[in-house]
Amino acid sequence: MRLAVAAVASACLVAACAPSVRGAAAPDPSQAEWDAALARLARLRAALPRAPYSQPVTVDFFEPRSRRHFEGRGAVGVDPGHAMRMILVGPAGEPALDVWVTRDAWRLVVPAIHLVRRGGRETPSGSPVGFFRSWFVDPLGGHLLALGAGGELVLRDPFGGTLHVTRADGDGFGIRRRSGTQTETFESHGAHASYRDASSGLSVEVTLGPVGDDAPDPEAFADPGASP
């Protein structure tokens with residue numbers, strides 16, 4: 001268990017550099033196409049949650065370099081536009097992972113190996129912090145940058161990354177995020193989601209339970225490492 005958690009922590013925090021793969025460029029869109037893309041983006045954003053919520057979550061990590069696998073269960077709480085907090089326990093019920101992310105700061109804790117990392121608006125290469133921001137904190141945030149060759153929306157997110165929205169429908173999203181040398185992909189289908197980091201090879205399968213009836217405690221989104 002300890003080795004599996006260590007592998008997950010290493011994969012989350014450090015990854016070798018790899019060149020990003022560029023997609024095919026689309027011809028310059030007409031004004032009508034651009035206006036239609038902006039309207040589509042506005043509809044997608046309008047359908048996103050606005051009030052704080054929480055969901056039970058099962059997260060399955062696989063780190064290919066060590067071929068180690070780890071499954072954690074817990075909950076994720078989200079205050080859209082502000083913060084997210086995910087706490088997981090391992091198979092034996094021991095604390096496994098605690099992730100807190102806002103627009104301007106983040107903290108990641110792996111209790112089993114006494115690992116604590118934190119940072120600001122920047123994110124370490126190879127970590128999923130930027131994607132947590134784009135997935136939970138500010139989904140589809142930023143501004144429309146371009147249209148892809150296949151009609152995909154290309155957004156510049158507020159955190160220095162580029163989001164390629166390859167699919168967006170009532171069942172979920174297909175998103176590729178690029179930031180520097182890092183390329184991440186995210187696919188969601190109903191209650192299931194998959195995450196891949198191209199540089200580290202880290203893959204994560206996520207299963208979300210039903211949204212809770214009660215809003216999470218606002219204290220859950222405060223900096224967990226701040227002095228009282």
Side-chain angles (χ1 to χ4, degrees), residues 1-16 18 20-21 53-78 83-92 94-101 106-113 115 117 119 123-140 157 159 161 163-167 171-209 211:
M1 169 65 192
R2 186 181 180 91
L3 291 176
V5 173
V8 170
S10 297
C12 283
L13 291 168
V14 180
S20 60
V21 179
Y53 66 92
S54 61
Q55 291 178 271
V57 61
T58 298
V59 183
D60 192 340
F61 297 89
F62 177 68
E63 202 284 303
R65 293 175 183 172
S66 63
R67 301 200 63 80
R68 290 195 176 97
H69 163 270
F70 165 73
E71 182 177 291
R73 298 175 181 271
V76 59
V78 181
M84 63 83 64
R85 180 87 178 271
M86 181 186 292
I87 298 177
L88 303 178
V89 297
E94 69 277 24
L97 188 67
D98 185 345
V99 183
W100 169 80
V101 180
W106 60 271
R107 180 176 182 264
L108 185 148
V109 178
V110 184
I113 58 173
L115 183 147
R117 295 285 188 273
T123 60
S125 176
S127 85
V129 171
F131 213 96
F132 279 141
R133 281 178 170 145
S134 297
W135 179 10
F136 289 119
V137 179
D138 194 9
L140 300 181
D157 75 22
F159 313 109
L163 301 181
H164 297 249
V165 184
T166 57
R167 180 181 62 84
D171 190 46
F173 289 94
I175 297 175
R176 183 172 64 255
R177 183 178 188 270
R178 291 173 175 151
S179 180
T181 60
Q182 186 175 14
T183 299
E184 304 160 285
T185 57
F186 170 71
E187 290 281 343
S188 67
H189 299 273
H192 301 281
S194 299
Y195 168 85
R196 300 288 184 275
D197 184 299
S199 58
S200 68
L202 175 69
S203 65
V204 184
E205 299 295 325
V206 180
T207 302
L208 293 165
V211 174

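The figures that follow rest on heavy atoms only: side chains count, while hydrogens, waters and symmetry mates do not. Along the sequence shown, residues are numbered consecutively beginning with 1.
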*Given the rule in the side chain to side chain contact (heavy atoms under 4.5 Å, CB included) test, do Thr185 and Thr166 qualify, once you have shown the distances and angles that lead to the verdict?*
CA-CA 10 Å; Thr185 57; Thr166 57; over 6 Å; no
*Distance in Å, Phe132 CZ paired with Phe186 CZ, rounded so as to fall on 0.5 Å steps*: 10.0 Å
*Assess whether side chain to side chain contact (heavy atoms under 4.5 Å, CB included) is satisfied between Leu88 and Val57, documenting all intermediate values.*
CA-CA 8 Å; Leu88 303 178; Val57 61; 3.9 Å; yes
*So, does Arg117 use its side chain to make a donor-acceptor pair with the main chain of Val110 at under 3.5 Å?*
no
*Take Phe136 and Val76 through the test side chain to side chain contact (heavy atoms under 4.5 Å, CB included) and record every step on the way to the result.*
CA-CA 10 Å; Phe136 289 119; Val76 59; 4.1 Å; yes
_Checking Leu97 against Leu108 for the side chain to side chain contact (heavy atoms under 4.5 Å, CB included) test, could you report, in this order, the C-alpha distance in whole Å, the side-chain angles of both residues, the deciding distance, and whether it holds?_
CA-CA 7 Å; Leu97 188 67; Leu108 185 148; 4.2 Å; yes
*May I ask you to decide whether Glu205 forms a salt bridge with Arg196, counting only side-chain N to carboxylate O separations under 4.0 Å?*
yes
*Distance-only, no hydrogens or angles: does the Glu71 side chain make a donor-acceptor pair with backbone N or O of Asp60 under 3.5 Å?*
no
*Considering non-hydrogen atoms only, spot the tightest contact between Gly90 and Ala96 and give its length.*
N-CB, 3.7 Å
_Spatial distance of atom CD (Glu184) from atom CG (Leu202) [nearest 0.5 Å]_ = 9.5 Å
*asked:* Just verifying a value: how many Å separate Gln182 CD and Asp197 CG, rounded to the nearest 0.5 Å?
replied: 4.5 Å
*What is the distance from atom CG of Asp157 to atom CG of Leu163, rounded to the nearest 0.5 Å?*
4.5 Å
*asked:* Can you tell me how far apart CH2 (Trp100) and CE (Met84) are? Round to the nearest 0.5 Å.
replied: 11.5 Å
_Non-hydrogen atoms of Ser188 and Gly172 that approach each other most closely_ = OG-CA, 3.3 Å
*asked:* Rounded to the nearest 0.5 Å, what separates atom OG1 in Thr183 from atom CZ in Arg177?
replied: 10.5 Å
*Among side-chain atoms of Arg73 and Thr58, is any donor-acceptor pair under 3.5 angstrom?*
yes
